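Note that the coordinates shown come from a computational prediction; the quantities given were computed from them, not determined experimentally.
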Amino acid sequence: SFDEIASVQLKKDWEGLSVLLASSVKKLAATGADFAIMPANSTHYAIELIRQKSSIPLLSIVEITVEEVRRRQFKKFAILGIGMTMTDGLYEKPLKELGIEPVIPTKKQQEIINKVILENIIPGKTTDESTEQVIEVLRQLKDQGCDSAGMCCTELPIIITEENSPLPFIDTTRLLAQKAVEYSLAK
């Protein structure tokens, strides 16, 4: 259940998370699924452990996103998402390996992003003011030299669009969905 997943994630119990999610992947495989995806960014801290337990391939939102950043030749990529997605290195190592500079929002910017996600977007209480707060963070990141940003959270693209974002961005969830369709059609 969501509560179980959230609980082990908060504890950063990646082995426990992998057991829960590998069980779901096993059920998908039993119904005939050729592969699986996890649209949540933060669950990808456990992806290698889940892959070890899985009989079917598991596409990675992180790997797909980093490849898209490389393909689009971005050089300084801001990472926006829930707290642990921004602070615990999920995207940093793979970006650095490709010579791309990951940018983590400041503590204050992270607080704004987390508050908007948790108090406005998730409960369906978005306002022009909450949207503008995230846009202002993006403006600040652009002023700091970022040439792009990742909406590394399923909720942020609800309020951040190509029309209102001061930076080009990658909607990681949408990109994963597109690659999943491509992957399934190629099989």
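- From Leu98, atom CG reaches atom CD1 of Ile100 across 5.0 Å, with rounding to the nearest 0.5 Å.
- The salt bridge (charged side-chain N to carboxylate O under 4.0 Å, His left out) pairs that include a residue from residues 143-170 number zero, where partners must be two or more places apart or lie in different chains.
- Side-chain N or O atoms of Thr161 include one that pairs as donor or acceptor with a backbone N or O of Asn164 at under 3.5 Å.
- In this structure, Ile79 and Met86 approach most closely via the heavy-atom pair O-CG, 3.4 Å.
- A distance of 9.5 Å separates SG in Cys146 from CZ in Phe77, rounded to the nearest 0.5 Å.
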What donor-acceptor contacts under 3.5 angstrom involve side-chain atoms of residues 18-29, with partners at least two apart or in another chain?
| residue | atom | partner | partner atom | Å |
| --- | --- | --- | --- | --- |
| Ser18 | OG | Glu15 | O | 2.7 |
| Ser18 | OG | Lys53 | NZ | 3.1 |

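- Side-chain N or O atoms of Thr131 include one that pairs as donor or acceptor with a backbone N or O of Thr127 at under 3.5 Å.
- Between Ile5 and Leu17, some side-chain heavy-atom pair lies under the 4.5 Å cut-off.
- Think of Leu185 as one node in a network of Ile, Leu, Val, Met, Phe, Trp and Tyr side chains linked at under 4.5 Å; its network also takes in Val181.
- Residues Asn114 and Glu111 form no side-chain contact, since every pair of their non-hydrogen atoms from C-beta on lies 4.5 Å or further apart.
- Within the structure, the side chain to side chain donor-acceptor pair (under 3.5 Å) test picks out the following pairs touching residues 73-90 (sequence neighbours left out): Lys12-Asp88.
- The side chain to side chain contact (heavy atoms under 4.5 Å, CB included) check on Gln178 picks up Arg174, Leu175, with sequence neighbours excluded.
- Ion pairing between Glu136 and Arg139 holds under the 4.0 Å rule for side-chain N and carboxylate O.
- Not a single donor-acceptor pair under 3.5 Å links the side chain of His44 to the backbone N or O of Leu90.
- Here salt bridge (charged side-chain N to carboxylate O under 4.0 Å, His left out) pairs that include residues 115-130, with residues two or more places apart or in two chains, number zero.
- Counting heavy atoms from C-beta on, the side chains of Tyr91 and Thr65 come closer than 4.5 Å.
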